[in-house]
Amino acid sequence: MIIELPDGQKKEFPAAVTPLDVARSLGERLARETVAARIDGKLADATTPISQDAKVELITLSSPEGLDVYRHSAAHLMAHAVKDLYGDEVQVTIGPAIENGFYYDFFSEKHTFTPEEFDKIEARMAELAAADLPINREVMGREQAMELFRGMGENFKVELIRDLPDETVSLYRQGAFVDLCRGPHLPSTRFLKVFKLTSVAGAYWRGSEKNAMLQRIYATAFPDKKELKAYLARLEEAKKRDHRKLGKELDLFSFSEEAGVGLPIWHPKGALLRMLLEDFERKEHLKRGYDIVLGPQILRTELWMKSGHYNNYRENMYFTEIDEQSYGIKPMNCLAHMLIYRSRMRSYRDLPLRFFELGTVHRHEKSGVLHGLLRVREFTQDDAHIFCTPDQLNDEILGVLRFVRDVMAIFGFQYEMEISTRPEKSIGSDEDWERATEALMKALESTGQPFEINAGDGAFYGPKIDVKLKDALDRRWQCATIQCDFTLPERFDLTFVGKDGEKHRPVMLHRVILGAIERFVGVLIEHFEGKFPLWLAPVQATVMNVTDNQADYAGKVFETLRAAGIRAEKDLRNEKLSFKIREAQQAKVPYMLVIGDQEMAAGTVTARMRDGKNLPSMGVAEFCSLVRGECEAYK
RNA sequence: GCCACCCUAGCUCAGCCGGUAGAGCAGCCGAUUCGUAAUCGGCAGGUGAGGGGUUCAAAUCCCCUGGGUGGCUCCA
């Protein structure tokens, strides 16, 4: 029997072997680290018998797949420990490996898990791991498996098996614990050394709010203690970047229970930051052939009925009534843009038309989803609607994708892209959906960047490309989006006159680049840890004197900076220099301009930067042009 | 919206098993004039998220409401 390895090496074995045997033949150390294998491309246990020629790729702990297997087995170990400790009080459901660890969902009407029990569960896990229980795969018929789990009172498992298409299912057994599972798993519990339970949370059975609420225990596991420590340290660091914490510390924004939940209140520095972003946006849009427009905040409810929002989006909208006429507060900006389009005859020569609006919208988001600036009920989108001919569609989508790429590069963001297709609740014909989806897909493919497909997650009026940015804790937030729409132009009977003199239907693209300014600011704060680049810093420089002696001169320097358009503050208090520096440093001001007798005598300033280094002393005019230059380069 | 947890001065937090509230920072007043991350002293500041209950007695125990946090569902 011949086993072929990934490097092309072929090894011959006299009889049936397991990947573990193959590993052993290559070295004892490799055998110790082999946790699973890919046999002819399929993931399998390291103990799977191979009885014919096969290609075998060994999976070790150092690979991402190996780590997944490790964590998945850790999830079983946790479920095992929980069943040991709580027995029939809890039922097991599912427990996969996830990005930074794993979780397991339990159902119980009798017991509620709290973090206080984590130590106890971890201790039991450690005992089971030390017991070196072999983890064995078993295959059995579905009826038999259902019987087995029914007998154990594991009704969720029974339901899972009932819905599986195959005639046989695989189970994994370790000691007295058995779980329905596709695998693969570690050969033995002894491999599991370092794990830690992190939190409990509610989760719906099978992800539907109609189903039972389960208790999810989140945990993480690493092959090595050092890696766990590094991971926990990284979490601690991430907490310091939290935009809610920094937003308070830097006095950027707040929320008020009195004003209403999910409604951000922008303090002077936050409002300034926002304004800078919005100025940037206007400039960049004008540069790319967009026209700036403005629509009303409320529009008559009849119009929302016409657009389909009333039927499909009503539960997220706020309504108000004036003079017996019902109005909807806009949750999106497209309606007014379509009215502008329709306000006169359009020729194919006018297209594409790109209407841009920093449009403030209101959406009644469920209370439980609100999250600092990242999820709010009032927000401003850098929204545009592009009206074009079907022929122009591909170029327009590409143009938006380039726009996104260029802007994200300025901020230094990495991003992930995904395409979402037709959801259940939607309007429009199948053909239009297909055309639109294909157009987006083609454009995405031509960028050469990787993307994921998110089936059934589109907007109700069309498919979309989403761009996701990560926050400090690696949670993903949708920012840019491009949505293709054939339906609204139809509903509003938008037309253009073609070369042939006939009326044709334009295509509409909804798109945002930063997405919601609020969310973007939130991500921005976490990305820069509050140390905004000079061009975005609400305060670019703080002028500080060493003693009262230089107060007049420092005051004049401050006035000069202000007059030059630099966002400066002055700190002329009778305090020690180190005290003023400390405060400016905590406020994350890019430049601290120190003014003592030397500077006063020479007519200069000495700039201290956030990294603690000083620039050589220079004249005020020179400093101003330095700041201007950096800002122009978006530094 | 659902599940769990949390809510003490402007901010960060302390207060063991119920005996009736405390620190640091910020603020105010005064002194200090001191060159690269905290000068010293004093003063003031709390209907303990709000409401109800148990108790001789509640910040501490129970219930309701509100808000927050972590998730789930949903989404820019």
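To find a chain, count down the sequence lines: A is the first, B the second, and so on, and within it residues start at 1.
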For B:A76, is there a stacking contact with A:F379, counting only centres under 5.5 Å and planes under 30°? yes

Measure from NZ or CZ of A:R216 to the centre of the six-membered ring of A:Y104 and say whether it is under 6.0 Å with the direction within 45° of the ring axis. no

Considering only heavy atoms, which members of residues 518-529 of chain A lie under 4.0 Å from some atom of RNA chain B? A:R519

Whole-angstrom distance between B:A23 and B:U8, as gauged at atom C1': 13 Å

Assert: residue with more 5' nearest nucleotide on RNA chain B, out of A:I581 and A:G262, is A:I581

A:E99 CD - B:G71 C1' separation (whole Å): 15 Å

Should the ring pair A:F460 and A:H309 be called parallel, tilted or perpendicular, given that the plane angle runs from 0 to 90° and is split at 30 and 60? perpendicular

Test item: side-chain donor near acceptor, A:Y591 and A:E630, under 3.5 Å: yes

A:K464 side-chain N/O to B:A76 phosphate OP1/OP2 under 4.0 Å: yes

Rounded to whole angstrom units, what separation is found between the CZ atom of A:F579 and the P atom of B:U39? 6 Å

When you match A:R582 and A:S367 each to their closest nucleotide on RNA chain B, which lands nearer the 5' end? A:S367

In whole angstroms, how far is the P atom of B:A76 from the CE atom of A:M417? 17 Å

Just to be sure I understand: a Watson-Crick pair is purine N1 to pyrimidine N3 plus N6-O4 or O6-N4, both under 3.5 Å. Using that and G-U wobbles, which stems of three or more pairs involve RNA chain B? B:1-7 with B:66-72, B:10-13 with B:22-25, B:27-31 with B:39-43, B:49-53 with B:61-65

Could you tell me whether the phosphate oxygens of B:C72, OP1 or OP2, come under 4.0 Å of any side-chain nitrogen or oxygen in A:Y218? yes

Taking the same atom, C1', in B:C28 and in B:C16, what whole-Å distance lies between them? 36 Å

What pairs with A:A238 under side chain to side chain contact (heavy atoms under 4.5 Å, CB included), at least two apart in sequence or on another chain? A:A472, A:L473

OP1, OP2 of B:A38 versus side-chain N and O of A:R573: anything below 4.0 Å? no

With rounding to the closest Å, how many angstrom separate the C1' atoms on B:A14 and B:A9? 13 Å

Donor + acceptor pair across side chains of A:Q585, A:R608 (<3.5 Å): yes

When the P atoms of B:A76 and B:A38 are compared, how many Å lie between them, rounded to an integer? 47 Å

Please tell me if A:R363 has a side-chain N or O lying less than 4.0 Å from either OP1 or OP2 of B:C74. no

Could you check whether A:E518 pairs with A:R377 (Lys NZ or Arg NE/NH1/NH2 to Asp/Glu carboxylate O, under 4.0 Å)? no

With no angle test and no hydrogens, is the base of B:U36 tied to the side chain of A:N614 by a donor-acceptor pair under 3.5 Å? yes

Stepwise ring pair (Phe, Tyr, Trp, His ring centres under 6.0 Å) test for A:F413 and A:F520: CA-CA 11 Å; A:F413 277 124; A:F520 194 77; 5.6 Å; yes

